[in-house]
Amino acid sequence: MERKRILSGMRPTGKLHLGHYCGALQNWVRLQKDYQCFYMIADWHALTTDYERIGPIREYTLDMVIDMLAAGIDPEKSVVFIQSQVKQHAELALLLGMLTPLPWLERVPTYKEQMQQLTGRDLSTFGFLGYPLLQAADIMIYKAHAVPVGIDQQPHIELTREIARRFNFFYGEIFPEPECLLAEESKILGLDNRKMSKSYDNAIYLSDTPDIIRKKVSTMITDPARVKRSDPGHPEVCNVFTFHKIFSPAEVTAEVQHKCVHAEIGCVEDKKKMAEYLITALAPHQARRAELTKDPAQVWDILEQGRKKATIVAEQTMDEVRKAMHLR
């Protein structure tokens, strides 16, 4: 039986960090076992908010794919490609735009949220308003059965389902209605206890050296109620302990918890301990990353092979769409 198909992607707007690693990449690797996976570098989506800063997109694309491959994305099992190199995405987005009511786009929660948050950028553009429509085209062009997303992205998938239903009503049953494949939210926060983000300058990047990781970890905010070394700690509210639970062996995590609660270990010592386990956990990824970085031509070749595979599927879908809409 043919495996069900999924589509997911990330925008090349910066280096990948631990939040991406724990929140997306590890999940993508697991999904390869059960699904036919299409993983996309969403460079057109990057332009919806960063159209004035296009310089690093190609550099970030290469760096992102290197991290994807180092994490375990297998190009023999998954199709890895750049969105803008499969032109059928744009054609389908254009046609879907003919039948998508404007209020559907305006009510997407992230539209107003980002308009308020990204105050330093002019987002009064058609591209920014229409990015959920382009996202729907990305999903529908591969007839994806499911999309791995966090809770905050559910409205986007529901919009895709509505657009698919509307298309099928007018032109016949072509598109499946994709389901949300809810990914476990990353529990990792940034160094300052906010969401890990390059925008906040609080991220530990997958490309950071051990010395940089040690330096960054040393600045992490710990239990705010623990003022003195002799004060008992509260691991459940400490981000450093969250890192322990993810990257340290279970016995170490249990020991740290006991010692913290009983004031037998200080925050400085604990951060040093956690940093070493984090460095050890990331070592295999960084070793593979180093090898891939030496041969960028191999990475671009993987993307070219992915483009060919994605284009075949996308063109098959567009052939059906054109016929259904009497465009051929």
Side-chain angles (χ1 to χ4, degrees), residues 1-10 28 31-32 34-45 48 78-111 126-127 129-183 306-328:
M1 185 176 71
E2 188 175 2
R3 293 181 298 168
K4 288 187 175 182
R5 190 177 291 166
I6 65 170
L7 179 283
S8 194
M10 285 192 284
W28 286 6
L31 290 171
Q32 293 180 121
D34 300 314
Y35 293 90
Q36 183 183 4
C37 301
F38 284 72
Y39 293 136
M40 174 183 75
I41 311 303
D43 54 345
W44 276 338
H45 283 293
T48 61
S78 301
V79 180
V80 183
F81 67 100
I82 298 173
Q83 178 190 28
S84 66
Q85 292 185 353
V86 184
K87 308 304 182 186
Q88 289 84 353
H89 287 240
E91 183 181 2
L92 182 57
L94 174 69
L95 296 177
L96 294 179
M98 304 301 180
L99 57 100
T100 302
L102 190 59
W104 286 14
L105 301 177
E106 294 174 328
R107 77 184 187 205
V108 174
T110 51
Y111 173 67
F126 172 77
L129 174 65
Y131 84 87
L133 178 64
L134 177 58
Q135 189 177 60
D138 298 331
I139 298 165
M140 292 167 63
I141 196 102
Y142 300 106
K143 296 188 177 182
H145 299 93
V147 184
V149 294
I151 292 175
D152 61 329
Q153 286 288 308
Q154 280 187 286
H156 290 262
I157 309 308
E158 184 54 41
L159 174 64
T160 301
R161 291 169 57 85
E162 290 179 332
I163 292 172
R165 281 195 294 268
R166 189 169 170 86
F167 185 98
N168 292 343
F169 175 78
F170 286 129
Y171 307 113
E173 293 288 329
I174 289 181
F175 295 111
E177 295 180 26
E179 301 290 338
C180 282
L181 200 60
L182 282 177
R307 180 196 67 80
K308 291 177 180 178
K309 294 175 184 176
T311 298
I312 290 172
V313 177
E315 181 55 27
Q316 288 172 345
T317 300
M318 285 311 304
D319 187 57
E320 292 181 59
V321 169
R322 295 180 199 115
K323 289 176 180 177
M325 299 182 76
H326 295 180
L327 295 175
R328 90 164 21 172

>> If I compare all heavy atoms of Ala146 with all of Leu181, which pair ends up nearest, and what's the gap?
In response: CB-CB, 4.3 Å
> Tell me, do Phe170 and Met98 make a side-chain contact under 4.5 Å, heavy atoms counted?
Replying inline: no
> Of the non-hydrogen atoms in Val108 and Trp104, which two are nearest, and what is the gap between them?
Replying inline: CG2-O, 3.6 Å
> If only atom types and distance count, is the side chain of Thr48 paired as donor or acceptor with the main-chain N or O of Trp44 below 3.5 Å?
Replying inline: no
> Where the side chain of Arg3 meets the backbone of Cys37, is there a donor-acceptor pair that is under 3.5 Å apart?
Replying inline: no
> Got Phe169 and Leu99 here, is their nearest side-chain heavy-atom distance under 4.5 Å?
Replying inline: no
> Which residues pass the ring-ring contact (aromatic ring centres under 6.0 Å, His included) test with Phe175, sequence neighbours left out?
Replying inline: Phe167
> salt bridge (charged side-chain N to carboxylate O under 4.0 Å, His left out): which pairs involve residues 89-101, sequence neighbours left out?
Replying inline: Glu91-Arg322
> Does any non-hydrogen side-chain atom of His45 lie less than 4.5 Å from one of Leu134?
Replying inline: yes
>> Taking salt bridge (charged side-chain N to carboxylate O under 4.0 Å, His left out) as the cut-off, I'd like each qualifying pair that reaches into residues 78-87, sequence neighbours left out, listed once.
In response: none
> Can you name the residues that form a salt bridge (Lys or Arg N to Asp or Glu O under 4.0 Å) with Lys4, not counting sequence neighbours?
Replying inline: none
>> Once rounded to the nearest 0.5 Å, what's the spacing between atom CG of Leu133 and atom CG of Asp138?
In response: 9.5 Å
> Residues in side-chain contact (heavy atoms from CB on, under 4.5 Å) with Lys308, at least two apart?
Replying inline: Glu304, Gln305
> Which value, rounded to the nearest 0.5 Å, describes the distance between Leu129 atom CG and Tyr131 atom OH?
Replying inline: 10.0 Å
> Quick one: side-chain contact (heavy atoms from CB on, under 4.5 Å) partners of Gln88, sequence neighbours excluded?
Replying inline: Val86, Ile141, Thr311, Ala314, Glu315, Met318
>> Can you tell me how far apart CE (Met40) and CD1 (Ile82) are? Round to the nearest 0.5 Å.
In response: 11.5 Å
>> Nearest 0.5 Å, please: how far is NZ in Lys323 from CG in Asp319?
In response: 4.0 Å
> Can you check side chain to side chain contact (heavy atoms under 4.5 Å, CB included) on Lys143 and Thr317, steps first, answer last?
Replying inline: CA-CA 8 Å; Lys143 296 188 177 182; Thr317 300; 4.2 Å; yes
>> Under the rule for salt bridge (Lys or Arg N to Asp or Glu O under 4.0 Å), what residues qualify as partners of Arg165, not counting sequence neighbours?
In response: Glu158, Glu177
>> With salt bridge (charged side-chain N to carboxylate O under 4.0 Å, His left out) as the rule and sequence neighbours excluded, what pairs involving residues 92-105 come up?
In response: none
> With sequence neighbours excluded, what pairs up with Val313 under the side-chain contact (heavy atoms from CB on, under 4.5 Å) test?
Replying inline: Arg5, Phe38, Tyr142
> Can you name the side-chain hydrogen bond (donor to acceptor under 3.5 Å, both in side chains) partners of Trp28, sequence neighbours left out?
Replying inline: Ser8
>> Once ring-ring contact (aromatic ring centres under 6.0 Å, His included) is applied, do any residues pair with His145, and if so which ones, sequence neighbours excluded?
In response: none
> Can you list the residues that meet the side-chain contact (heavy atoms from CB on, under 4.5 Å) rule with Pro155, with sequence neighbours excluded?
Replying inline: Pro109
> Just how far is it from atom CG of Leu7 to atom CE of Met140, taken to the nearest 0.5 Å?
Replying inline: 12.0 Å
> Which atom names give the shortest non-hydrogen contact between Asn168 and Glu173, and what distance separates them?
Replying inline: ND2-OE1, 3.4 Å
>> What verdict does the side chain to side chain contact (heavy atoms under 4.5 Å, CB included) test give for Gln135 and Thr160, after you've listed the backbone C-alpha separation in whole Å, the side-chain angles of each residue and the deciding distance to 0.1 Å?
In response: CA-CA 8 Å; Gln135 189 177 60; Thr160 301; 5.6 Å; no
> Which heavy-atom pair separates Leu92 from Ala137 by the least distance, and what is that distance?
Replying inline: CD2-O, 3.7 Å
> Any chance the side chains of His89 and Gln83 put a donor and an acceptor closer than 3.5 Å?
Replying inline: no
> Where do Pro178 and Ala144 come nearest, in terms of heavy atoms and distance?
Replying inline: CB-O, 3.5 Å
> Roughly how far, to the nearest 0.5 Å, is the OH atom of Tyr171 from the CG atom of Leu327?
Replying inline: 8.5 Å
>> If you define the side chain from C-beta out and look only at heavy atoms, does anything of His156 sit under 4.5 Å from Val147?
In response: no
> Any side-chain heavy atom of Leu159 within less than 4.5 Å of one from Leu105?
Replying inline: yes
> Considering all heavy atoms of both residues, which atom of Cys180 and which atom of Val149 are nearest to each other, and what is their separation?
Replying inline: SG-CG2, 4.1 Å
